[in-house]
J.: 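Right, I'll just put the structure down here and ask away after.
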Amino acid sequence: MDMRSDTVKEGLQQAPHRSLWNALGVTKEEMKKPLIAVVSSYNEIVPGHMNLDKIADAVKLGVAEAGGFPVLIPAIAVCDGIAMGHTGMKYSLVTRDLIADSTEALIMAHQFDAMVCIPNCDKNVPGLLMAAARLNIPTVFVSGGPMLPGRVHGKRTSLSSIFEAVGARQAGRISEEELEEYEEFGCPTCGSCSGMYTANSMNCLTEAIGMGLRGNGTIPAVYSARIRLAKHAGNKVMELLKADIRPRDIITERSIRNALTVDMALGCSTNTMLHLPAIAHEIGFDLDMRLANEYSAKTPNLCHLAPAGPTYMDELNEAGGVYAVMNELSRLNLLDLDCLTVTGKTVGENIANAVNRNPEVIRPVDNPYSKTGGLAVLSGNIAPEGGVVKQSAVAPEMLVHEGPARVFDSEDDAIEAILGGRIHPGDVVVIRYEGPKGGPGMREMLNPTSAIAGMGLGSSVALITDGRFSGASRGASIGHISPEAAVGGPIALLEEGDLIRINIPEKTLNAAVPDEVFEERRKKLKIHEPKIKTGYLARYASMVTSGSRGAVLEIPDHKE
């Protein structure tokens with residue numbers, strides 16, 4: 001086969017290149033084989049990534065067994081849980097583009113023939129999917145897998161339980177000793193946190209798009225099946241290389257629409273409404289966030305994993321995983337079954353024999369948790385370009401809500417007010433200047449949403465923000481309000497006490513403020529400058545687009 005790696009291995013002019021391969025200890029026999037990048041996000045700071053060295057070793061064995069020459073290269077990662085609630089969270093979303101860019105740079109500089117991507121946590125999965133679409137060399141994804149749930153007082157728990165326990169302790173609802181139990185036993189293994197948070201959402205959607213093998217999204221990190229999956233991924237990338245099947249043959253508008261459908265059925269994180277548009281952008285598909293409502297209207301919600309319900313990723317795996325969910329959806333003709341996947345087969349061929357082994361974890365389509373999907377995009381005079389909510393995790397009594405705005409210009413000020421007992425039943429907490437430009441970096445707001453839930457206010461207090469939410473957030477938490485405050489969006493015009501009207505079934509979000517009053521306020525508006533004005537975040541803020549467009553980067557005043 002023709003190998004692009006011959007550019008750095010074969011011919012008279014490549015003698016200096018070969019001398020450097022020799023310096024790496026590479027044999028002449030290895031140089032004759034296809035050069036396969038094993039892109040690993042392994043590190044010792046992210047619990048979801050501490051096992052990726054073992055995954056990478058297994059991938060390399062699989063590649064070598066199938067006749068390739070595997071070479072490990074790095075990708076960075078941030079633990080959103082450790083970064084949560086302080087300046088560090090500004091550096092989370094922005095890594096998605098760093099990951100895509102640095103992977104592109106390493107692959108192009110060294111002329112790899114194909115790659116296996118090993119992500120696990122929130123931004124690594126979409127970042128590497130963006131890189132795969134951009135580079136368009138044969139690629140397979142194999143992730144590190146989800147964490148097993150913890151157990152406190154005989155109940156299964158996850159990271160969101162611990163964040164909510166902080167609010168419960170602050171409100172005097174649990175003791176300090178009980179909080180320490182959550183600390184000790186809430187996160188018991190390596191892996192991406194055990195609920196349907198962003199990492200697991202994106203790993204599951206990698207299967208739905210067709211870039212991951214069966215079980216990629218659900219096999220727990222500590223199961224040996226995960227090692228076997230990694231070996232198979234190494235084998236499979238060599239098959240794709242021989243067949244010349246590339247990411248853009250798999251990542252298409254049709255497969256992204258499949259992913260959006262599966263997203264609705266699983267009840268995924270609101271962050272998927274940032275990442276799917278960004279992945280789509282790489283193939284030239286403009287995925288309007290509001291398209292989610294069209295898919296939600298026709299897609300039943302079949303799963304209630306934490307934080308929406310009491311089940312966890314290991315149970316989804318035992319019930320049949322993503323393929324079983326997709327097989328249920330196919331009964332309603334909701335999927336494009338002809339889409340190609342990394343198996344070399346179509347979606348329809350992949351899911352044909354998938355069995356739903358637990359109809360409570362994966363509800364059949366004739367007995368769903370709800371007839372509509374897990375996410376909804378709301379629009380109105382506060383959010384002309386939309387805002388997103390995980391409606392499957394909203395208490396029924398909060399689906400329609402009216403209350404006075406409690407306005408804060410940072411997450412930190414809002415948390416201080418919530419924990420200080422200054423937020424009351426009926427209030428609508430407004431957190432602004434936390435968007436992609438205004439943050440900069442669009443922080444996740446797990447701390448305030450968890451504090452609200454932990455203090456017993458989850459069924460009486462709503463929260464809206466131009467920032468975003470962790471997949472671990474639950475309640476009437478509406479994020480990605482666009483346009484954001486930093487570009488003069490209407491959220492910047494809200495004042496303390498404005499009546500906010502939320503109607504999730506009708507997909508509306510409005511302030512009871514006349515247009516002429518908003519216009520008078522706009523004349524006096526002084527937009528806050530970003531809190532960080534140097535380094536990568538300053539460059540990011542100058543290039544990032546609206547949350548409604550996936551917070552993709554564009555050169556200022558230039559649109560493709």
J.: State which residues pass side chain to side chain contact (heavy atoms under 4.5 Å, CB included) with C187; sequence neighbours excluded, sorted by chain then number.
T.: M147, L159, I162
J.: Please list all pairs passing the salt bridge (Lys or Arg N to Asp or Glu O under 4.0 Å) test where one or both residues lie in residues 201-228, with sequence neighbours left out.
T.: none
J.: Measure from the side-chain N and O atoms of T103 to the backbone N and O of I99, and report whether any donor-acceptor pair falls under 3.5 Å.
T.: yes
J.: Does one side chain, of Q391 or N301, offer a donor that lies under 3.5 Å from an acceptor on the other?
T.: no
J.: How about Y312 and L316: do any of their side-chain heavy atoms sit closer than 4.5 Å?
T.: no
J.: What do the steps show when you test N22 against V26 for side-chain contact (heavy atoms from CB on, under 4.5 Å), and what is the final call?
T.: CA-CA 5 Å; N22 289 336; V26 177; 5.9 Å; no
J.: Decide, yes or no, whether a salt bridge links D314 with R156 under the criterion of side-chain N to carboxylate O below 4.0 Å.
T.: yes
J.: Can you give me the closest heavy-atom contact between P368 and R363, atom names plus distance?
T.: O-NH1, 3.5 Å
J.: I'd like to know if the side chain of S482 pairs up with that of S546 as donor and acceptor (distance under 3.5 Å, no hydrogens or angles considered).
T.: yes
J.: Atom OG of S201 and atom CE of M273: how far apart are they, to the nearest 0.5 Å?
T.: 10.0 Å
J.: Using only atom types and a distance under 3.5 Å, with no angle test, would you say the side chain of N124 pairs donor to acceptor with the backbone of I76?
T.: yes
J.: Kindly indicate whether the side chain of I227, heavy atoms from C-beta on, has any atom under 4.5 Å from the side chain of I55.
T.: yes
J.: Above 12 or not: heavy atoms from other molecules or residues under 6.0 Å from CG of L24?
T.: yes
J.: Quick one: pull up CZ in F285 and CD in E253 and give me the separation to the nearest 0.5 Å.
T.: 4.0 Å
J.: Would one find more than 12 heavy atoms of other residues, nucleotides or ligands at under 6.0 Å from atom NZ of K231?
T.: no
J.: I need the single residue from V39, I73, I36 that forms a side chain to side chain contact (heavy atoms under 4.5 Å, CB included) with F112. Which is it?
T.: I73
J.: Could you go through the side-chain hydrogen bond (donor to acceptor under 3.5 Å, both in side chains) check for E65 and N235 one step at a time?
T.: CA-CA 7 Å; E65 180 185 51; N235 294 160; 3.1 Å; yes
J.: Backbone N or O of L135 within a donor-acceptor pair of the E104 side chain at under 3.5 Å?
T.: no
J.: Please report whether the ring centroid of H304 lies less than 6.0 Å from that of Y369.
T.: yes
J.: If I take atom CD from residue E239 and atom OG1 from residue T343, how far apart are they, to the nearest 0.5 angstrom?
T.: 9.5 Å
J.: Keeping the roles fixed (side chain from D249, backbone from R246), state whether a donor-acceptor pair exists under 3.5 Å.
T.: yes
J.: Does E29 come within less than 4.0 Å of K33, counting only side-chain N to carboxylate O?
T.: no
J.: How close do C339 and N258 get, heavy atom to heavy atom, and via which atoms?
T.: SG-ND2, 3.7 Å
J.: Please answer whether the main-chain N or O of A551 pairs with a side-chain N or O of R96 as donor and acceptor at a distance below 3.5 Å.
T.: yes
J.: To the nearest 0.5 angstrom, please state how far the CG atom of L446 sits from the CZ atom of F469.
T.: 10.0 Å
J.: Might you point out which heavy atoms bring I209 and A259 nearest each other, and give the distance in Å?
T.: CG1-CB, 3.5 Å
J.: Kindly say whether E315 contributes a backbone atom to a donor-acceptor pair with the side chain of T311 at under 3.5 angstrom?
T.: no
J.: Using every non-hydrogen atom in the two residues, find where T139 and M211 come nearest and quote the distance to one decimal.
T.: O-CE, 3.6 Å
J.: Quick check: does any side chain N or O of R357 sit under 3.5 Å from a backbone N or O of N317, one acting as donor and the other as acceptor?
T.: no
J.: Salt bridge check, R549 against E554: does any charged N sit closer than 4.0 Å to a carboxylate O?
T.: yes
J.: Please name the pair of heavy atoms, one in V142 and one in P119, separated by the smallest distance, quoted to 0.1 Å.
T.: O-CD, 3.8 Å
J.: Name all residues meeting the side chain to side chain contact (heavy atoms under 4.5 Å, CB included) criterion together with A56; count only those two or more places apart in sequence or in a different chain, and write none if there are none.
T.: V38, S40, L72, I118
J.: When you check the side-chain N and O atoms of S92 and D80, is any donor under 3.5 Å from an acceptor?
T.: yes
J.: How long is the span from the OG atom in S370 to the CE atom in M264, to the nearest 0.5 Å?
T.: 11.0 Å
J.: One pair to check against side-chain contact (heavy atoms from CB on, under 4.5 Å): M50 and E44. What are the steps and the verdict?
T.: CA-CA 5 Å; M50 63 182 285; E44 294 182 341; over 6 Å; no
J.: Quick one: which residue pairs count as a salt bridge (Lys or Arg N to Asp or Glu O under 4.0 Å) with a foot in residues 294-305, not counting sequence neighbours?
T.: none
J.: Taking the side chain as every heavy atom from C-beta outward, state whether L35 and V71 have any pair of such atoms under 4.5 Å apart.
T.: yes
J.: Is the number of heavy atoms from other residues, nucleotides or ligands within 6.0 Å of CG (N353) greater than 12?
T.: no
J.: Report yes or no: does S296 contribute a side-chain atom to a donor-acceptor pair with the main-chain N or O of G373 at less than 3.5 Å?
T.: yes
J.: Answer whether the closest heavy-atom distance between the side chains of L274 and M442 falls below 4.5 Å.
T.: yes
J.: Which residue pairs pass the side-chain hydrogen bond (donor to acceptor under 3.5 Å, both in side chains) test with at least one member in residues 108-121, sequence neighbours excluded?
T.: S5-D113, N120-N203
J.: Would you please test D101 and R134 for salt bridge (Lys or Arg N to Asp or Glu O under 4.0 Å) and show each step?
T.: CA-CA 10 Å; D101 292 348; R134 192 181 299 175; 2.8 Å; yes
J.: Take Y295 and R257 through the side-chain contact (heavy atoms from CB on, under 4.5 Å) test and state the conclusion after the steps.
T.: CA-CA 9 Å; Y295 280 78; R257 288 176 181 272; 2.8 Å; yes
J.: If you measure from CD1 on I279 to OG1 on T206, what distance do you get to the nearest 0.5 Å?
T.: 7.0 Å
J.: Can you check side-chain contact (heavy atoms from CB on, under 4.5 Å) on V262 and C204, steps first, answer last?
T.: CA-CA 9 Å; V262 175; C204 287; 5.9 Å; no
J.: Under 4.5 Å between any side-chain heavy atoms of P220 and M313, yes or no?
T.: no
J.: So does K242 pair up with D244, basic N to acidic O under 4.0 Å?
T.: no
J.: Establish, from distance only, whether the side-chain atoms of Y197 and S160 form a donor-acceptor pair under 3.5 Å.
T.: yes
J.: Quick one: does N51's side chain have a donor or acceptor within less than 3.5 Å of a partner on V222's backbone?
T.: no
J.: T198 and S269: side-chain donor and acceptor closer than 3.5 Å?
T.: yes
J.: What are the two closest heavy atoms between K9 and K32, and how far apart are they?
T.: NZ-C, 4.5 Å
J.: Check whether any side-chain N or O of S255 sits under 3.5 Å from a backbone N or O of I250 as a donor-acceptor pair, and report yes or no.
T.: yes
J.: Would you say that S194 contacts P146 through its side chain, given a criterion of any heavy-atom pair below 4.5 Å between the two side chains?
T.: no
J.: Can you tell me which residue pairs pass the side-chain hydrogen bond (donor to acceptor under 3.5 Å, both in side chains) test with a partner in residues 318-336, sequence neighbours excluded?
T.: R254-D336, Y323-N350, N327-S330, E328-R331, E328-N356
J.: Does a side-chain heavy-atom distance below 4.5 Å link M202 with N271?
T.: no
